[in-house]
Engineer: 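My questions will all concern the structure given below.
Residue numbers count from 1 along this sequence.
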Amino acid sequence: MFLRNLRGMSIALGFSLIIMTGCSMAAASSAQKQTGTNPATGASSGKAAPAGTTPKAADDWKQKERPYDYASMKADVVIQLDEDTRLQSPLRTVVGPTPQSYTLFFREEMDRGSVETTIRKHAKEEAAREGLGFIEPTFAFHWLNNRQLQVLVTLPATAGKERDWTEYVLSAGGAKSTKGTVIGASNAFHAVVLAPSQIWRISVDGKVREKLTDFSVMTNMKFLDREQRYVLQSRFTKYCECDARYPMLYSIYDTKTKERTLYPVELADNYRGAGDFIADRRGFFYAQPDKGIAVPPSDSAVRVQVQGYVHGASFSYDQKQLLMAVGKAEQKKDLDLVVFDLEKGTEKRVPGAIKGWVPTSESNGEILPVAFQDDGRYATFAMRSEESGFEEIRLRYDWKSGKVIAWTPPVPADSWSGYVQSTDGAYQMYWNAGLFKGNVPLMDMRGDGLWLPGTHRFLFTEWEKAAQETDLKQSLYLFDADTKAQSVLVSGLPAGLSILGASADGKWLYVMTDRTLAP
């Protein structure tokens, strides 16, 4: 969500462009089959998981023996994170700072003392390596039998006080079986410990700050609806200090019920893919699951079947209809506009109405979904004038006339035209141009921000002056577009804080941060 100054960057990518991401889902699928866990969730059941639960506490982490297909094992040992069994060795992934429980499955019956000694030895040796951030945790062991071991890993109290992240290794490499076989060292589980971000709400006068969640692991988050009830979360599978785009694990968090539902499929707030897919009116999409994959039941999920390949689908303002760019799978320009009624299951198609080339990412050339931004009056979108260029063709669908018309925002043609606007459409903040009333400029682009619903007041953050980078803080500002008055609401906010949304009544601002917001 901080890439708004890149030309041609779609707002849909704000959710998924994270430096530290995923791993292969094939291994996770195999793990689900072996353990007998629900293939739809990777958990012991398909029910919604409590959102704020932390990994097993020291008094309840010991669980019953889990079914496992030992005969099919190719590795000497498989190490799974109990919080989400889709995460298994060999892997380097993100975990929370609270105690974490793991289950180790061995191909042969093991010498228990050898395993425990080896696990402690590896952790101690890694922690002794200077400058790499490794730490030596404490281990508690619970053997279900000679081939299945549960381990509770607890960090020392000093962990995280000197740096924002740390790491430990869980490895049985070198341990011996009861037959004397030595386990290979290639199947370790590397856990990168990062503090999880939480959702807070701040009153618009800045006086009240309330923590709303207690998530156990760091996830990326995005509100899906105007009521700020449903949150789309993605969890890293594989951690790497790079910009690789690995698959992620997805869930939906309900701020009203405080429940988190795990999904075995990729979720998106803008859809691109086959014409047979699911639109969940809570605000997200996913492809029609393959046979044998069960997704959590939902009364708000609607199966959509449209002729052709969907190059982009978005919800209408009232989330009762879909706006879609449709063509052949290999087609890259001049697509059909399809307006699909989710209640009636009917569609209106305007052939060739979406002129231009499908957008691509400037950062990696990846094809992006055509994204429609609807305010109930117009649904705006942009294509490209050339296949490999970044100059935009700006268009909008007029709900009243049912036609696609030209749209001319005050943004250079070769810059991304993304924007947020006041509820009545009177004012817009373009991320590459600034705040406007129509085509009249009022203020330069400022930080990360949003319009308070039902008002002409724009909230945004800006950096405070700091002597050192480690001292960076943000201030929350309020700009009244009618009076052009600007004021500071809150100062001294953490550097990593991000604005997620605002309540429908305009009284609360929702933010995400891994730090404590002092009152």
Engineer: Is any NZ, NE, NH1 or NH2 atom of the basic residue among R377 and D398 found under 4.0 Å from an Asp or Glu carboxylate oxygen of the other?
Structural biologist: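 Salt bridge flag = no for D398 with R377.
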Engineer: Indicate the atoms forming the closest heavy-atom contact of I202 with G206, along with that distance.
Structural biologist: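 Residues I202 and G206, closest heavy atoms: CG2-CA, 4.1 Å.
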Engineer: Within the distance-only criterion (no hydrogens, no angle test), does the side chain of Q88 pair as donor or acceptor with the backbone N or O of T85 below 3.5 angstrom?
Structural biologist: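 Between the backbone of T85 and the side chain of Q88 there is no qualifying donor-acceptor contact (under 3.5 Å).
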Engineer: Side-chain atoms of residues 403-411: list all donor-acceptor pairs with protein atoms under 3.5 Å, sequence neighbours left out, distances to 0.1 Å.
Structural biologist:
none

Engineer: I want to check a possible cation-pi pair here: R226 against Y317, using under 6.0 Å from ring centre and within 45° of the ring axis as the test.
Structural biologist: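 Checked: cation-pi criterion met.
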Engineer: Step through the shown structure and confirm whether more than 12 heavy atoms of other residues, nucleotides or ligands are within 6.0 Å of CG on D505.
Structural biologist: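 Counting other residues, nucleotides and ligands, CG of D505 exceeds 12 neighbours.
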Engineer: Looking at Y253, does the NZ or CZ of R260 lie under 6.0 angstrom from its six-membered ring centre and within 45 degrees of the ring axis?
Structural biologist: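 No - R260 does not lie over the ring of Y253 by the 6.0 Å and 45° rule.
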Engineer: Within a strict 4.5 Å, meaning less than it, do heavy atoms of the Y430 and V420 side chains meet?
Structural biologist: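 They are not in contact (no side-chain heavy atoms under 4.5 Å apart), so the answer is no.
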Engineer: Search all heavy atoms of Q198 against all heavy atoms of F215 and return the closest pair with its distance.
Structural biologist: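 That closest heavy-atom pairing would be OE1-N, 2.7 Å.
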Engineer: Answer yes or no: is there an ion pair linking R281 with E343, defined by an N-O contact shorter than 4.0 Å?
Structural biologist: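 E343 and R281: salt-bridged.
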Engineer: Any carboxylate oxygen within less than 4.0 angstrom of a Lys/Arg side-chain nitrogen, looking at R282 and D225?
Structural biologist: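 No salt bridge links R282 with D225.
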Engineer: If only atom types and distance count, is the side chain of Q474 paired as donor or acceptor with the main-chain N or O of L497 below 3.5 Å?
Structural biologist: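 Yes; judged by distance alone, with no hydrogens or angles, the pair exists.
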Engineer: Go through the structure and list residues passing side-chain hydrogen bond (donor to acceptor under 3.5 Å, both in side chains) with D341, not counting sequence neighbours.
Structural biologist: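 side-chain hydrogen bond (donor to acceptor under 3.5 Å, both in side chains) list for D341, sorted by chain: empty.
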Engineer: Given the rule in the salt bridge (charged side-chain N to carboxylate O under 4.0 Å, His left out) test, do E210 and R201 qualify, once you have shown the distances and angles that lead to the verdict?
Structural biologist: CA-CA 5 Å; E210 297 177 358; R201 70 173 187 171; 2.9 Å; yes
Engineer: Between S251 (side chain) and L262 (backbone), is there a donor-acceptor pair under 3.5 Å?
Structural biologist: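 No, because the side chain of S251 does not come within donor-acceptor range (under 3.5 Å) of the backbone of L262.
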Engineer: Do the side chains of K256 and E227 get close enough for a salt bridge, i.e. N-O under 4.0 angstrom?
Structural biologist: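 Looking at K256 and E227, the cut-off is not met.
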Engineer: Of all heavy-atom pairs between N270 and S314, which one has the smallest distance, and what is that distance?
Structural biologist: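 Closest pair (atom of N270, atom of S314, distance): ND2-OG, 2.6 Å.
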